[in-house]
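Quick notes on the structure that follows.
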Amino acid sequence: MLFEPRSGRLAAWGNALLAGLVSPDEAALSIVGEDAVHRVAGLPGEAGPVGLTLALGRLRALGVSGLRVALPAPGHPLGLSGPPEFNARALEAEEAVVCAGAALGLVPEVTEAGPAGDVHVSVLWRCLPVREAPPADVPSLGEAERELAEALREATVVLTRLDVAASGPVADAALSAYRARAEAGREVLAPGYPPRAVRVLALAQRVDLMVSLAYENGHGGAVAASEMAARAEALRPVERVARRALVAAYNAAVEQH
């Protein structure tokens, strides 16, 4: 399935709300998506967890003018600016949202309950202080687009050379989902994003999908341990480029102002 981080939905639709392009209810519904409920804890001025609609309104009252995404990985604090306590929580969650205009950030804590096929997902966003500084290693949309085009070529060459199969029911379903989502580009991001951001996000998701299929869809011809290690080594920089591009796309609504 396509990689759509919860932080991306929160930032995209939160930015659309802050820009006055969607209603609070529309933003909240879009952020929650297929989850059961999202709440925000630790907001200044609030004694306990509150719903998304109230939380977004409170953030705006606190001076927040935009929301940026961070997608850190070990050794790569992508989109983060500190302090270490916030970075550590974001790294554990593998994602976070950093506010522009106020020194605050949000990290999701995801809880799942229920049997397979009927899983109830609740998300608690922890609001924490952040350092007001440029986010780490986030490229411009133009840089991200160029890097992605090269990464897509490299990934195709690598997977072909290593004979990694990308076929079968799981792969076909994932590719079909990608095509359907790409054709409905207006749904990839919230209102207010430039067309280039939509294009970069779709391409980043395509590259990420290729990497995921290569890891998950059998070994293909890469049976030997050395070949599997070579595949992982070759795909790691491609995965990094895709994450950088995802962050650039989600952050474009803030960076263009």
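Note that the numbering runs from 1 along the sequence shown for the chain.
No more than 12 heavy atoms of other residues, nucleotides or ligands sit less than 6.0 Å from atom CZ of Arg89. In this structure, Glu92 places its CD atom where only 12 or fewer heavy-atom neighbours from other residues, nucleotides or ligands lie under 6.0 Å away.
In this structure a side-chain-to-backbone donor-acceptor pair under 3.5 Å is present from Arg243 to Leu71. Judged by distance alone, the side chain of Arg39 and the main-chain N or O of Leu124 form no donor-acceptor pair under 3.5 Å. In this structure a side-chain-to-backbone donor-acceptor pair under 3.5 Å is missing from Ser7 to Glu95. Although no hydrogens or angles enter the test, the distance criterion places no donor-acceptor pair under 3.5 Å between the side chain of Glu109 and the main chain of Trp125.
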Verdict with reasoning, Glu239 to Arg236, per salt bridge (charged side-chain N to carboxylate O under 4.0 Å, His left out): CA-CA 5 Å; Glu239 188 176 23; Arg236 197 170 294 116; over 6 Å; no

From CA spacing to verdict: side chain to side chain contact (heavy atoms under 4.5 Å, CB included), Leu148, Arg206: CA-CA 10 Å; Leu148 277 171; Arg206 181 181 173 192; over 6 Å; no

Criterion side chain to side chain contact (heavy atoms under 4.5 Å, CB included) on Leu141 and Glu145, from CA distance to verdict: CA-CA 6 Å; Leu141 278 176; Glu145 196 166 30; over 6 Å; no

Full working for salt bridge (charged side-chain N to carboxylate O under 4.0 Å, His left out) between Arg244 and Glu143: CA-CA 10 Å; Arg244 275 167 49 87; Glu143 291 170 334; 5.2 Å; no

Intermediate values then yes/no, side chain to side chain contact (heavy atoms under 4.5 Å, CB included), Leu128 and Glu85: CA-CA 9 Å; Leu128 302 161; Glu85 295 80 7; over 6 Å; no

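Note that the CD atom of Glu4 and the CG atom of Leu246 stand 10.0 Å from one another [nearest 0.5 Å]. To the nearest 0.5 Å, atom CD1 of residue Ile31 and atom NE2 of residue His38 are 8.0 Å apart. Here CZ of Arg68 is found 10.0 Å from SG of Cys99. Values are rounded to the nearest 0.5 Å. To the nearest 0.5 angstrom, Arg9 atom CZ is 8.5 Å from Tyr250 atom OH. Taken to the nearest 0.5 Å, the CD atom of Gln205 stands 4.0 Å off from the CG atom of Leu201. The CH2 atom of Trp13 lies 10.0 Å from the CG atom of Leu21; values are rounded to the nearest 0.5 Å.
Leu189 and Val247 fall within a single hydrophobic cluster, where Ile, Leu, Val, Met, Phe, Trp and Tyr are joined by side-chain heavy atoms under 4.5 Å apart, directly or via other members. A continuous path of hydrophobic side-chain contacts links Val32 to Val40 [ILVMFWY only; heavy atoms under 4.5 Å]. The cluster map of Ile, Leu, Val, Met, Phe, Trp and Tyr, joined by side-chain heavy atoms under 4.5 Å apart, puts Val98 and Leu67 in different clusters. No continuous path of ILVMFWY side-chain contacts below 4.5 Å connects Val121 to Val107, so the two sit in separate hydrophobic clusters. Taken together through direct or relayed side-chain contacts under 4.5 Å among Ile, Leu, Val, Met, Phe, Trp and Tyr, Val50 and Val64 form part of one hydrophobic cluster.
Looking at every heavy atom in both residues, Ala103 comes nearest to Glu132 through CB-CG, 3.7 Å. Listed here is the closest heavy atom pair of Pro135 and Val138: CB-CG2, 4.0 Å. Residue Ala144 comes nearest to Val200 through the heavy atom pair CB-CG1, 4.1 Å, listed as atom of the first residue, atom of the second, then distance. The two residues Ala204 and Ala245 make their nearest non-hydrogen contact at CB-CB, 3.8 Å. Closest non-hydrogen pair, Val254 versus Ala100, comes out as CG1-CB, 4.2 Å. Of all heavy-atom pairs between Gly114 and Val119, the closest is O-CG2, 4.2 Å.
In this structure the side chain of Leu104 reaches within 4.5 angstrom of the side chain of Leu62, judged on heavy atoms. By the 4.5 Å heavy-atom criterion applied to side chains, Val241 and Val238 are not counted as neighbours. Looking at Asn87 and Pro72, their side chains never come closer than 4.5 Å, going by heavy atoms from C-beta outward. Using a 4.5 Å heavy-atom threshold, the side chains of Phe86 and Ser81 count as separate. Under the 4.5 Å side-chain criterion, counting only non-hydrogen atoms from C-beta, Asp35 is in contact with Arg6. In this structure the side chain of Leu52 reaches within 4.5 angstrom of the side chain of Leu10, judged on heavy atoms. With contacts defined as side-chain heavy-atom distances shorter than 4.5 Å, the pair His120/Glu112 does not qualify. You'll find the side chain of Val22 reaches within 4.5 Å of the side chain of Pro191, heavy atoms only.
A side-chain donor from one of Tyr193 and Asn15 sits under 3.5 Å from a side-chain acceptor of the other.
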